[in-house]
Every structure is written in structure tokens, then in C-alpha cells.
Number of protein chains: 2
Amino acid sequence: MNIKEASEKTGVSSAAIRYYEKESLIPPIDRTAVGNRDIDDRIIRRITFVTQMRAAGMSIENLRRYIELFDAQEDNTKEQKALLQEQLGVMEEKHGDLQAAIDHLNYKLNHFYDHMESTEQELRELERQHADKVTQKPTEDGDGLTNY
Amino acid sequence: MNIKEASEKTGVSSAAIRYYEKESLIPPIDRTAVGNRDIDDRIIRRITFVTQMRAAGMSIENLRRYIELFDAQEDNTKEQKALLQEQLGVMEEKHGDLQAAIDHLNYKLNHFYDHMESTEQELRELERQHADKVTQKPTEDGDGLTNY
DNA sequence: TTAAACCTTCATGTGTACTTCAAGGCAAGG
DNA sequence: CCTTGCCTTGAAGTACACATGAAGGTTTAA
């Protein structure tokens, strides 16, 4: 498929796909007779992988290092492990921050709700939607942003 | 406390604190007689809140809108709700992506481990550390990055 | 055969979120 | 008195991750 189809399939812009190839986040892409990129499913999967890792907050630079290590044929087991471990740490931390912020907002939303008329059900739905994910509420609402 | 102490306490640079104040992410900070910022715990909490939301992926712009709404005295209940709802959506999505990426890396790490000598215990520890957080593994390891 | 709709490379522009620099003020220690 | 070390504002610079534009090539459809 051409780059536009790949773009539509992945949700990544054509320019970004070219950029990823140049930065070696995805392998060199085969070209057609006239020099156009011919993108197969392997490349699509790689693009999707990049998208996931980017969404998870991994920088282009780290992602490139990570991929280089995995693509290399030498025995760089140790470095691979170290890099995985490092990235897992970063992601767990982000995950924690994110969860804290979500909990915080949910708490605020619930508190907020307590002081409102109960005619509007949207908030209840929202609350129900997220209820299973809220594990703990902040011990105090200390950011000074609660007017209610 | 002065801005340097606040910086050390929050892990946010002095320049960033000034920037946050200018962008109204934190309230106007009191000044001493000679014009230096005198930062109290309320400001510290605000800075921490900003840090958390930033870490969770909220943009400066959205964060400012959010804070403006909460600081305003008018009855903007509806907008506050909408903004909270919007941000919760964004964060839940990010959370999902992040979890997917973490699961992916954990799966890779486990798979990886299966093919290694069991003399090195670090990976077991890492595995143990994160085991409770891994809820599901990717159905296939389709990014082409598994050499092992 | 001419326009539309793709594509290419290379260069430059853009938005975000700060960081760094320049120029200067205040307070304490030697 | 002068250096050190903190602070101030305002302007300009930087890094990242692309987006956009220029100049041109190919293929398809009218």
C-alpha cells in the first residue's frame, strides 16, 4: 500500500511516517519501481508499535535506542534488559502520576457532585463508568482548587 | 521560602515556577519588601498539582482554562463539569495506551526471560515487582522486535 | 494533453514548554 | 569595598516532533 493508505490505517500522518523512517524508528521501507514507498503489514505493525510507545511517553531518541538494540544481531542481552528495565520504570512512574491525577479528578468530581442538584444524571454515569478504576482517593484535596 | 527552596522542594525549576506564575497556572505569589517571591505551602501545593497534571499529559493551555474556571467566582458549574469530563476522557485514553504499552513490555520481558539462563535474578525481581499490575498480555507480539 | 491526485526529497517553519541570557538590585561575609 | 549568592524582569534561545512548502516525477481519467 502507499503512504496515504498507511497513514489512514495507522492514524499517523504521511510526514510522520517519513520522519519515523528517517529516524530509524521503523525499518527502511521498500520502494516501487518509481521510488514510492510500498508499505506492508510488518511496517504497519512497527508504526503502531511506535505510536503506542509514543503515546506512553517514550521519546523518539529512547525509542530509537530501544529499537536499535533489538534489531542488532549482536548479543546485547544486558543492554536490552537495562533499557527495558529503565523504560518500565519511567512508565510505571508515569502510570502512577496519571492514576493519581485521575483519582484526584474523580474525587473532585464526586465531591463536586455531592453539592449539586441530582437532576442531572450525566455525572452519575461518568462516575459509574470510572468507579472500578478508582482505587483510592487523595487524603486531602490540597491544591486549593475546590470551591465546592 | 524563596524561589530556590521552592524549586528544591517541588523539583520544578525556578524559571518554570516563574513561568507558571506568568501563565496563571499558580496564583500571584506574594513578594517581600524588596520584591522577591515569598512562597508558602499553598503555592507549593499548587505547583505540585500543576506537576501532576502536566505529568498526566494536560497541556499548559488546558490546565490554565481548568484553573481559571475553578478560581472564578461565577457559577460556571456546567463548564467545570464539561472540562473535567473532557480531561478525564483524555486521561483514561492515555491510561489505556500506557497500560497497553506496559503490558507489552512486560510480556516481552517475560518471554525474553524464558530463553535466558536463570542465574541472574534481577529480572525475576522486576517481574515480581510488576506482576500485580499486569492484567493481560498482548495476544500476539506483532511488532517484529522479538529476536528471542 | 491537461488536470487531478498521488508520490519523492530537501529545506524551512511551527507550537509547546520551558531555558538561558542580559542587566541589574539587595544582603551578608571577609 | 568587594565578592558571593541570592533575587528581579524581559527578551531571546533551545529541543522536540513533527508540519508545511518548494520543485519536480508518475499515473489515471476526461
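Below, read A as the first sequence line, B as the second, and so on, with proteins coming before strands; counting in each chain starts at 1.
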Kindly express the pairing pattern of DNA chain C in dot-bracket notation, using | wherever a base pairs with another strand and counting only Watson-Crick or G-U pairs under 3.5 Å.
-> ||||||||||||||||||||||||||||||
Between the side chain of A:Thr10 and the main-chain N/O of A:Ala6, is any donor-acceptor distance below 3.5 Å?
-> yes
Summarise protein proximity over nucleotides 12-21 of chain C in one line of letters, 5' to 3': B for base, S for sugar-phosphate only, - for none, counting protein heavy atoms closer than 4.0 Å.
-> -----BBBB-
If every non-hydrogen atom of A:Ser7 is compared with every non-hydrogen atom of A:Ser13, which pair is closest and at what distance?
-> OG-CA, 3.6 Å
State which residues pass salt bridge (charged side-chain N to carboxylate O under 4.0 Å, His left out) with A:Lys4; sequence neighbours excluded, sorted by chain then number.
-> A:Glu8
Measure from CD on A:Glu5 to P on C:dA5 and round the result to the nearest Å.
-> 16 Å
Is there a side-chain contact (heavy atoms from CB on, under 4.5 Å) between B:Phe49 and B:Arg54 once you walk through the steps?
-> CA-CA 8 Å; B:Phe49 175 71; B:Arg54 295 280 307 118; over 6 Å; no
Value in whole Å for how far the P atom of C:dT9 lies from NZ of A:Lys22 = 9 Å
Note: A:Ser14 and A:Ile3 closest approach over all heavy atoms is O-CD1, 3.5 Å
Sole candidate of B:Asp38, B:Asp40, B:Ile39 that passes side-chain contact (heavy atoms from CB on, under 4.5 Å) when paired with B:Ile29 | B:Ile39
May I have the distance from A:Asp30 (atom CG) to C:dC7 (atom C1'), rounded to whole angstrom?
-> 16 Å
By salt bridge (charged side-chain N to carboxylate O under 4.0 Å, His left out) - contacts of A:Arg31 (at least two apart) | A:Glu21
Are the side chains of A:Leu25 and A:Met53 in touch, meaning some heavy atoms are under 4.5 Å apart?
-> no
Considering only heavy atoms of chain B and a distance under 4.0 Å, specify the first and last nucleotide of DNA chain D in 5' to 3' order that meet this criterion.
-> D:dC6 to D:dT9
For A:Glu5, which residues count as a side chain to side chain donor-acceptor pair (under 3.5 Å) partner, sequence neighbours excluded?
-> none
Rounded off to whole Å, could you give me the CG-to-P distance for the B:Asp38 and C:dC26 pair?
-> 18 Å
Can you tell if the side chain of A:Ser59 reaches within under 4.5 Å of the side chain of A:Arg64, non-hydrogen atoms only?
-> no
